[in-house]
Trainee: 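One structure follows; several queries about it will come next.
As the structure is a prediction and not an experimental result, all values here were calculated from the model. Values reported hereafter were calculated over all heavy atoms of this structure, with side chains retained and with hydrogens, waters and symmetry mates removed.
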Amino acid sequence: MTASRHMVETTLNGIPASRGIAIGLAFLVDRDLPEIRGSTSLDRGQVASEVARFKAAVKTADQELSRLIRRAPQEMGQHLYVLEMERSLLKDKLFYGRTIETIQKARVNAEYALKTTVDRVKAAFARIEDAYLRERGSDVASVYHRVLRNLMGGKAPEISAISRRVILVARDVSPAEASQLDLQHVLGFVTDLGGKTSHTAIIARTLGIPAVMGLPGASESIRTGDLLVVDGGTGVVVVNPDDETLARYEELRETDARAQARLAKGSHLPAATSDGFTVSVCGNMELKEEVVAVLDRGGDGVGLYRTEFLYLNRDGLPGEDELFENYKEVAELMAPRPVTIRTLDVNGDKVGRGLFSEQADNPALGLRAIRFCLAHPEVFQTQLRAILRAAAFGNVRLLFPMISGLPELLAAKKAVSAAADALDSRGVSFNPDPEIGVMIEVPSAAVMADVLAEHVKFFSVGTNDLIQYTLAVDRGNKHVAHLFESLHPAVIRLLAGVAAVCRDSGVRLAMCGEMAADPFATQLLLGLGFSELSMHPAAVGAVKNTVRALSRSRCEDVAARAVREKSAEDVRRLLAESSLSAPNGRSDLKSTPAAP
Ligand code: PEP
Ligand code: MG
């Protein structure tokens with residue numbers, strides 16, 4: 001390892017994927033494989049042995065993955081499904097079957113057939129509009145690398161052999177690799193690829209390792225032995241910092257560590273403002289295992305349970321019992337705290353492999369979420385019955401995504417009644433009347449909030465979509481990420497309108513979009529009247545702490561002024577100038593692209 005402190009300080013900016021500051025020497029993981037350019041054409045007699053070679057490479061990959069699963073550190077527990085998913089991809093028809101078919105029909109070598117198959121699968125992933133799901137394409141890439149390496153007789157990169165305290169720099173870190181890391185030795189991650197919603201980012205956040213991702217060229221410009229500062233909260237990576245920069249970041253790291261320790265202490269207590277207004281600070285989750293993270297981080301409940309996962313990467317659809325068991329477990333573990341189960345929010349083409357063929361040029365505006373469910377009553381009914389049954393075992397709320405107007409809401413509520421009738425006639429125990437709410441994430445729903453309010457108990461604002469649709473900014477497109485602006489006055493005015501409806505009607509006002517996780521925005525949200533904020537669990541402590549430093553009446557003043565501002569910059573200045581701004585004075589809003 002050659003330390004190169006004499007080189008000039010360079011600052012790189014990437015995507016802030018997991019907060020915290022790491023300072024240490026870079027360790028470059030080079031796992032690039034030679035590019036597969038052309039094919040070798042096979043004689044008829046060579047085909048069978050080529051297929052056998054491919055099968056053997058897949059088998060070795062499978063053995064490697066099961067070994068990883070067995071040896072994964074305990075902290076990985078809830079994320080092992082990623083490795084299981086990679087294993088199931090290995091045997092997936094689209095991957096395994098198609099590659100064999102290509103070898104046989106096109107009479108090409110296994111490497112080339114594999115590449116053709118994977119390019120096709122990756123292209124299909126790239127068309128998915130949901131950022132979270134689109135980044136699942138990296139799981140396909142990781143499986144591809146594993147099989148290809150085996151075909152070419154290479155050895156698995158020895159990430160697990162790292163025995164120094166280093167910052168890992170790579171083109172990409174696959175979830176499988178992340179799971180091999182000895183956390184004692186990895187101070188941080190820097191990767192060329194990946195984004196805030198990649199699995200590795202999620203794992204880094206869960207494990208509390210600072211990470212900056214989506215930093216093109218990092219693995220080429222950084223050398224093993226360079227001194228690095230990684231600020232996972234801002235996305236800044238400083239290569240070979242000078243003494244002054246280093247001292248500044250060391251101090252920041254100390255302050256941050258002290259602040260985190262303070263936050264952890266208060267995260268299990270309720271969050272009330274100095275004038276006695278209690279805000280419920282909840283966690284968002286996607287997998288039932290994440291209920292542990294919500295509880296550990298002090299969440300007052302689950303403000304958003306995204307239920308998509310059980311429908312993806314499988315050949316049929318989940319049955320009522322499977323869904324029921326899943327929801328029941330979450331409800332029981334959280335009880336008496338609330339669990340807000342959102343009904344399925346996907347486009348049909350992602351559900352139950354090939355069962356529905358609703359592909360669209362513009363899927364974000366297509367047959368998604370409640371639209372899909374209403375178009376496929378059998379899918380919707382199954383999920384609703386499962387939710388109503390689980391609601392007998394805890395404090396379950398039912399949340400409809402993508403409602404754009406009253407007829408959809410009424411149709412969805414009618415579907416709930418139908419599900420209740422069906423259960424009634426079966427004599428199973430269920431709760432016919434859980435609290436029902438709608439997500440306010442389509443501008444028309446915000447405009448029609450007064451009409452919708454007559455039919456629900458709560459609104460949950462999904463800012464990830466509300467901002468995308470209001471500002472016409474694709475939440476997953478990095479070229480327009482700078483336009484994704486939570487503090488845009490248009491967004492604030494929409495929120496204020498919804499808040500006014502809630503004040504008049506008594507409908508509870510919650511937010512479960514990423515804006516809720518930013519302490520800089522907390523004063524504005526409290527001032528507008530939000531009484532529940534739900535976010536990724538790691539943010540709960542910071543938001544609770546911020547709430548405690550605020551007085552609601554002052555927040556209301558700030559919110560009243562914010563509504564009259566003319567630009568996001570003005571709003572930002574107003575919030576910063578207000579003595580109520582977040583304790584650490586930092587906002588993730590400006591630098592954070594659309595969140596999952
Ligand atoms: C949102 O749109 O803000 C939201 C919470 O839902 P999702 O991110 O799952 O679309
Ligand atoms: Mg949404």
Side-chain angles (χ1 to χ4, degrees), residues 129-130 304 306-308 311 340-351 356-388 391 396-423 432-470 472 493-495 497-502 504-513:
E129 113 284 358
D130 181 296
L304 171 66
R306 292 180 169 101
T307 56
E308 288 70 70
Y311 290 83
T340 313
I341 304 182
R342 181 179 73 181
T343 57
L344 187 58
D345 179 2
V346 280
N347 297 297
D349 60 343
K350 295 177 207 154
V351 170
F356 308 95
S357 53
E358 287 126 0
Q359 301 216 346
D361 289 342
N362 205 342
L365 305 180
L367 196 66
R368 175 186 160 184
I370 198 69
R371 301 169 184 181
F372 170 79
C373 287
L374 292 175
H376 296 283
E378 68 295 351
V379 181
F380 200 24
Q381 283 299 308
T382 305
Q383 184 179 33
L384 289 174
R385 289 195 304 271
I387 296 174
L388 295 184
V396 169
R397 304 161 174 173
L398 185 50
L399 179 61
F400 298 127
M402 287 279 291
I403 293 285
S404 63
L406 183 63
E408 272 169 350
L409 172 58
L410 296 181
K413 287 187 72 173
K414 205 164 150 199
V416 176
S417 305
D421 289 347
L423 289 171
D433 198 22
E435 269 196 1
I436 290 182
V438 293
M439 289 200 65
I440 302 289
E441 54 182 349
V442 178
S444 60
V447 173
M448 300 298 287
D450 56 332
V451 173
L452 301 176
E454 289 172 25
H455 304 274
V456 293
K457 287 281 196 310
F458 68 99
F459 288 149
S460 188
V461 178
T463 46
N464 308 341
D465 278 315
L466 184 64
I467 296 168
Q468 127 161 307
Y469 295 129
T470 304
R493 288 179 189 199
L494 279 180
L495 296 180
V498 176
V501 167
C502 288
D504 293 347
S505 62
V507 162
R508 195 174 58 248
L509 183 57
M511 176 177 283
C512 62

Trainee: Is any side-chain heavy atom of Leu399 closer than 4.5 Å to a side-chain heavy atom of Glu435?
Mentor: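 Sidechains of Glu435 and Leu399: no contact.
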
Trainee: Check the surroundings of atom CG in Asp361: do more than 12 heavy atoms from other residues, nucleotides or ligands lie under 6.0 Å from it?
Mentor: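 Not more than 12 within 6.0 Å, no.
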
Trainee: Looking only at atom types and distance, does a side-chain atom of Gln381 sit under 3.5 Å from a main-chain N or O of Ala419, one as donor and one as acceptor?
Mentor: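 Such a contact is found between Gln381 side chain and Ala419 backbone.
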
Trainee: Going by distance alone, is a donor N or O of one side chain under 3.5 Å from an acceptor N or O of the other, for Thr307 and Gln383?
Mentor: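 Thr307 vs Gln383: donor-acceptor pair found between side chains.
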
Trainee: Among residues at least two apart in sequence or on other chains, which ones pass salt bridge (Lys or Arg N to Asp or Glu O under 4.0 Å) with Arg385?
Mentor: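 Result, salt bridge (Lys or Arg N to Asp or Glu O under 4.0 Å) vs Arg385: Glu320.
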
Trainee: Please tell me if the side chains of Phe400 and Val456 come closer than 4.5 Å, counting only heavy atoms from C-beta onward.
Mentor: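 No, too far: nothing below the 4.5 Å cut-off.
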
Trainee: How about Arg342 and Arg397: do any of their side-chain heavy atoms sit closer than 4.5 Å?
Mentor: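 Arg342 vs Arg397: side chains apart.
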
Trainee: For Phe380 together with Phe372, are the ring centres under 6.0 Å from each other?
Mentor: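 No, the ring of Phe372 stays outside the 6.0 Å limit from the ring of Phe380, centre to centre.
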
Trainee: Under the side-chain contact (heavy atoms from CB on, under 4.5 Å) rule, collect the residues that match up with Thr463, sequence neighbours excluded.
Mentor: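 By the side-chain contact (heavy atoms from CB on, under 4.5 Å) rule, Thr463 matches Val461, Ile467, Met511, Met515.
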
Trainee: Answer yes or no: is there a donor N or O on one side and an acceptor on the other, between the side chain of Tyr469 and the main chain of Ala364, under 3.5 Å?
Mentor: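 Yes: the side chain of Tyr469 pairs with the backbone of Ala364.
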
Trainee: Tell me, do Phe459 and Arg508 make a side-chain contact under 4.5 Å, heavy atoms counted?
Mentor: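 Not in contact.
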
Trainee: Answer whether the closest heavy-atom distance between the side chains of Glu408 and Leu374 falls below 4.5 Å.
Mentor: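 Touching, per the 4.5 Å side-chain cut-off.
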
Trainee: Looking at CE of Met402 and CG of Leu367, how far apart are the two atoms once the value is rounded to the nearest 0.5 Å?
Mentor: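 Output value for this atom pair is 9.5 Å.
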
